[in-house]
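Everything on this sheet refers to the single structure shown next.
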Amino acid sequence: MSSEPALPDVSGVDEELVTYMDGELDAENRFRVEKQLAADAAFRTRLRLLQRTWDALDVLGRADASEAFTRTTVEFVAVNTAQDVEHEKQRQVRKRLWSWIAWTACGVASAAAGFAVLTYVLSRPDRQLARDLPVIERVDEYRNADSLEFLKALDESGLFAAELENDEL
Amino acid sequence: MSVAQPQPQRYELQDPDVRLMLQVRDGGAVASSAAFEELVLRYQSRLITVLEHLVGNRELAEDLAQEVFLRVFRARKRYAPEARFSTWLFTIANNVASNALRSKSRRREVGVPDKINGSDTNPFGLDQMAKAASALMPTRALDKAESAQIVRLALEALNERQRLALLLSKFEGMSYQDIAQTMGLSVQAIKSLLSRARVNLERILTPYVEEGVRPDQAAPLSRGDESGPLPSESIS
C-alpha cells in the first residue's frame with residue numbers, strides 16, 4: 001500500500017494551488033501563493049477552475065442513515081459477537097480436549113519408556129548371571145588350577161576330549 | 001513547498017470519540033454497549049456517505065458500514081488511542097471497501113470498465129458519462145439529480161485511491177496527515193494524490209460546465225494531455 005505507481009505528472013502549480021486550497025501550506029508558502037494570486041490573472045483563473053470542480057462535489061450530497069439502520073447495525077454486531085463467543089467457547093473446548101489427549105499420550109509414552117528402561121536395567125544382573133552360569137557351575141574346579149594358561153594348554157592337548165564326550169552322552 | 005507537520009497528541013484528551021471507544025474497550029457490558037451505540041449513531045451517516053461515493057452503491061455501502069462497525073467492536077480489546085477515532089474508523093473502512101471493490105471487480109460483468117494501462121483517468125468512464133449526458137441533457141440546464149449523476153460518473157473515472165483521498169478530504173474534512181494515516185501513505189503521497197484527483201476531475205467536468213461539450217464529442221484525453229495546459233509555471 002505504501003508503493004506509489006508511476007503516474008502522469010501534475011504540474012507544480014496545480015499541486016501548490018490544491019495544497020493552498022486545502023489549507024495545508026505553511027505560512028511562508030501561503031504568503032507567496034497569495035502574492036502570486038494578486039499579481040497573476042492566469043494563476044487566479046486556474047485556482048477558480050479547481051475551486052469550481054471542488055464545489056461541484058457538493059452536489060453528491062451526504063447520506064442520512066435511519067434509526068432502523070442504527071438498530072439493525074447494533075443487532076448485527078450483537079448477533080455476530082454472540083457467535084464469536086460461541087465459536088471461541090467451542091475452540092477452547094477443542095483446545096482443552098486436544099491438550100488432554102496430548103498430555104495423556106505423553107503420559108502413556110513416558111510410562112512405557114520408563115517401564116522399558118526399568119525392565120532393561122533390572123534384567124541386566126540376571127542376564128550377566130545367565131551368561132556366566134557355565135563358569136559359576138565349575139568355579140570350584142577352576143579354583144584348583146593355578147593359572148588360565150595352564151588350563152588352556154590342557155584343553156589344547158585334548159586330554160579332556162574323551163571325558164567331555166562321555167559327559168555329553 | 002512544505003506542508004505543516006502536526007505535533008504528537010494525547011488523543012484521549014482531545015477526541016471525545018476516542019474516550020467513547022475506550023469505554024467500549026474497558027466498560028462493563030452495559031456501558032460498553034451504550035458507548036458503542038453512541039459511536040454508531042455519530043458515525044453511521046458519515047461512514048455511509050464516504051462508502052456510498054466510494055463503491056457507487058447505497059445498499060452495498062450500508063452493508064460495508066455494518067461490517068466496519070462489526071470490525072470496530074471485534075477489535076475493541078486491542079484498541080489503542082494512537083490516532084483520532086475517525087482516522088482509525090476510516091482506516092478500517094478503507095480496508096473493508098478495498099476488499100469489497102476487489103471482489104466486485106472480480107464479479108463484475110458489466111459496468112464502468114477498468115482503467116486502461118494504469119491511466120489516472122478512464123476514457124470509457126467518459127464515454128459512459130456522455131451516454132448518460134445525452135440521455136439526460138436535452139438542454140444545458142442540468143437539474144441537481146442530473147448534475148449529481150455527472151459528478152458521480154466523473155468520480156468513478158478516478159482510481160480508487162484518488163477517490164478515497166478526495167472523499168475523505170471533501171466529506172470528512174480530514175487533514176493530509178489524517179488521510180495519510182488512514183490510507184497508509186506518506187503526507188507527500190497524499191498531496192500528489194489529491195492534486196491529481198482534483199486536476200483529473202476538473203478536466204472531466206469542465207467541458208460539461210463551460211461548453212456543454214459531451215466527452216464523446218470532445219478530443220479524447222491522451223496521457224500527454226493529463227498534465228494539462230498551465231497558466232503559469234513560474235511557481236514550483
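Below, chains carry the letters A, B, ... as their sequence lines are ordered, and counting in each starts from 1.
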> Heavy-atom distance under 4.5 Å between the side chains of B:I48 and A:F69, does that happen here?
Replying inline: yes
> How about B:Q66 and A:V77: do any of their side-chain heavy atoms sit closer than 4.5 Å?
Replying inline: no
> Side chain, backbone, both or neither: which part of B:L166 has a heavy atom under 4.5 Å from chain A?
Replying inline: both
> Does atom CD of B:E59 have more than 12 heavy-atom neighbours from other groups under 6.0 Å away?
Replying inline: no
> Who among B:E37, B:E52, B:H53, B:E62 has the most heavy-atom pairs with chain A under 4.5 Å?
Replying inline: B:H53
>> Between B:S45 and A:R62, is there a side-chain heavy-atom distance shorter than 4.5 Å?
In response: no
> Considering only heavy atoms, which portion of B:R46 lies under 4.5 Å from any heavy atom of chain A: side chain, backbone, both, or neither?
Replying inline: neither
> Which bit of B:F69 comes within less than 4.5 Å of chain A, counting heavy atoms only: side chain, backbone, both or neither?
Replying inline: both
>> Distance check, rounded to the nearest 0.5 Å: A:T81 atom OG1 versus B:F36 atom CZ?
In response: 7.5 Å
> Looking at CD1 of B:I190 and OG1 of A:T19, how far apart are the two atoms once the value is rounded to the nearest 0.5 Å?
Replying inline: 12.0 Å
> Which residues in residues 98-116 of chain A have any heavy atom lying under 4.5 Å from a heavy atom of chain B?
Replying inline: none
>> Heavy-atom pairs under 4.5 Å with chain B - which of A:D58, A:D64, A:T73 has more of them than the others?
In response: A:T73
>> If you compare all heavy atoms of A:A63 against all heavy atoms of B:R58, which two are closest, and at what distance to 0.1 Å?
In response: CB-NH1, 3.7 Å
> Salt bridge check: are A:R46 and B:E202 linked by an N-O gap of less than 4.0 Å?
Replying inline: yes
> For A:T72, is it the side chain, the backbone, both, or neither that has a heavy atom closer than 4.5 Å to a heavy atom of chain B?
Replying inline: both
>> Tell me whether the count of non-hydrogen atoms from other residues, nucleotides or ligands lying under 6.0 Å of CD in A:Q83 goes above 12.
In response: yes
> Does a side-chain heavy-atom distance below 4.5 Å link A:L60 with B:R152?
Replying inline: yes
> To the nearest 0.5 Å, what is the distance between CG (A:D22) and OG (B:S195)?
Replying inline: 8.0 Å
>> If we count only N and O atoms by modelled type, under 3.5 Å, do the side chains of B:Q44 and A:T70 hold a donor and an acceptor together?
In response: yes
>> Between A:D14 and B:R198 (salt bridge meaning N to carboxylate O under 4.0 Å), is one present in this structure?
In response: no
>> Looking at chain B, which one of A:E67, A:M21, A:E28 has the largest number of heavy-atom pairs inside 4.5 Å, strictly under?
In response: A:M21
>> Sort by residue number and list every residue of residues 48-57 of chain A having at least one heavy atom under 4.5 Å from chain B.
In response: A:L49, A:L50, A:R52, A:T53, A:W54, A:D55, A:A56, A:L57
> So which part of A:D84 gets closer than 4.5 Å to some heavy atom of chain B, the side chain, the backbone, both or neither?
Replying inline: side chain
> Going by heavy atoms in the side chains, are B:K191 and A:E15 under 4.5 Å from each other?
Replying inline: yes
